[in-house]
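Heads up, the thing below is written out as structure tokens.
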Number of protein chains: 2
Amino acid sequence: MQTDNFIPCFSIDCVVFGFHNNELRVLLLKLKNLDKWMLPGGFVSYDKDVDEEAIKVLRERTGLDDIFLRQFHLFGKKDRISKSHAQEMVDKKVISEDLKKWFDQRFLSLGYYALVEYSKVKKPEPDPVSEAIEWCPFSELPDLVIDHVDIVQKAHQRLKKELNFQPIGLNLLPDEFTMSELQALYETILNKQLDRRNFRRKMLAFDILKNTGKKRTGNAHKSPILYSFDQEKYQQLLQADHLF
Amino acid sequence: MQTDNFIPCFSIDCVVFGFHNNELRVLLLKLKNLDKWMLPGGFVSYDKDVDEEAIKVLRERTGLDDIFLRQFHLFGKKDRISKSHAQEMVDKKVISEDLKKWFDQRFLSLGYYALVEYSKVKKPEPDPVSEAIEWCPFSELPDLVIDHVDIVQKAHQRLKKELNFQPIGLNLLPDEFTMSELQALYETILNKQLDRRNFRRKMLAFDILKNTGKKRTGNAHKSPILYSFDQEKYQQLLQADHLF
DNA sequence: TATTATTGTGTCGTATTGACACATTGTAAA
DNA sequence: TTTACAATGTGTCAATACGACACAATAATA
């Protein structure tokens, strides 16, 4: 890693949300030789936009390019990284000795959250630092380094909040999905049961769903309608500030 | 300025909103020897939290301590500062020669916005860099350095958005105010006319206003009731995420 | 063919919201 | 002293949105 081209004391961490088996999941890296996990992240080159670098991290980790990605908070507490952290990374050979100085800095970390379609993410390649990359259930996160738990929690809070004003799902669901699947997504993110019939009414009122005319068969019981998002109207709704 | 204790490449900019004469205003610094203005801001010491430093900036500029202050965006475009900016500052003797190196860096700037009560801000002291500090009308901003216009605009956008979910006014209005004044504040921020009677109903429904029993006299026409905020209920409303 | 769980659809009462009208009041003009 | 005026306090009405709830349709399974 060529650290001298990076802006010092500054890092990016991405909370990548996916949805699978009615479960909200977060993309996490398992550190080598250590029973800890971390968020995919990186540093910012002097000659790159910060947002650009975040997109790059996502592309490298998910293979996806056109991703829903938002900054949500700068984590800037002075003691967010314990003094022993870099030393431990060196001791356990997670990073090489010559990188210790770089990792021993104080870091401000800009948190991004991303919404991606679980199935479209190519099985990501581990990198020199991590031995594995996995979708971990949001509800039972493993042990995370530094303040990454806080970052994930704050990302989730923000996502919950945004959910009220923005349609969400386009980036988390496959191209075609049932109303129940969409509802399950909302229920999972909000961690709250919603009334099936009222939910349907509300979603249809948004006028962002297209009935594909198809149905999902094979699932036993009545075959549900498959919907897709009307991209154009979806984007319009994202723009609009239909409030007050 | 002792720059070697600062985190490099990183700055803070604060958009301080005030409300006066039915007008939204922003606190701006006039640069010495240059017909440009800038946002009050600063740098972050290695041994301070970022948020702490933002609070410090506000305290120094407004004399206020317990301020409504929120991070809202990190401005991280690689070319946000023109290459000639630092040189110009030196040439015009805004900063001394030895600071040129510091100001010649690439900077990421974390934007904060603050809501303060216009009248409570002590007439702020200019500093070595600025020759004046003024409340400028948001609607007719002067020429600002770097991307500070963007920062102000984005802060305003965020404020507008937050206005829909959070009561605002406690920090922008004097302790006692009329319903019309509160409405004028909302109309100014939202840049939109609101129905007087519906606005009143909505505000009273929030149950955060206390009728002080007093009236404002002398203003010609019927004397309006003076309200104050019920701090406790106000804070409760700020916490609650009464959505979906 | 009957069962069953899931899905599509609708109703009903209530709360919220937008549009609008009228009576009240305090100062300034007559 | 009276009157005019303009802003304020209060209320109505219809349209809409929302929460709680019931029933019919359907497709695999038994």
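Protein chains get the first letters and strands the later ones, always in sequence-line order, with residue 1 at the start of each.
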Quick one: is S180(A) getting a side-chain N or O under 4.0 Å of the dT6(C) phosphate, OP1 or OP2?
no
M203(A) CE to dT9(C) P, in whole Å, measures 17 Å
Out of dT4(C), dT9(C), dA20(D), minimum distance to the side chain of R197(A) belongs to dT9(C)
request  = Just call it for T178(A): base, sugar-phosphate, or nothing, with non-hydrogen atoms closer than 4.0 Å on any strand.
outcome  = nothing
To the nearest angstrom, the CG-P distance between L204(B) and dT10(D) comes to 8 Å
Worksheet item: Which class fits the ring pair Y118(A) and W135(A): parallel under 30°, tilted 30 to 60°, perpendicular over 60°?
Response: tilted
Atom CG of D195(B) and atom P of dA19(C) are separated, to the nearest Å, by 7 Å
When rounded to whole Å, the CG to P distance for the pair N22(A) and dT6(C) reads 12 Å
Residue pair A220(A)/N219(B) against DNA chain C: nearer the 5' end by closest nucleotide is A220(A)
**OP:** Give me the ring orientation class for Y113(A) and F68(A): parallel if the planes are under 30° apart, tilted from 30 to 60°, perpendicular past 60°.
**Re:** tilted
When rounded to whole Å, the NZ to P distance for the pair K202(A) and dA20(D) reads 12 Å
Side-chain contact check for K222(A): nearest option of dG9(D), dT6(C), dA6(D) is dT6(C)
Taking dG9(D), dA28(D), dC12(C) as options, the one with an atom nearest any side-chain atom of T217(A) is dA28(D)
Notebook entry, point to check: Taking N and O atoms by type only, does the side chain of R201(B) place a donor or acceptor under 3.5 Å from a partner on the base of dG18(C)?
Noted result: yes
N198(B) atom CG is separated from dT10(D) atom P, nearest whole Å, by 15 Å
Separation of dG18(C) atom C1' from Q193(B) atom CD, nearest Å, is 15 Å
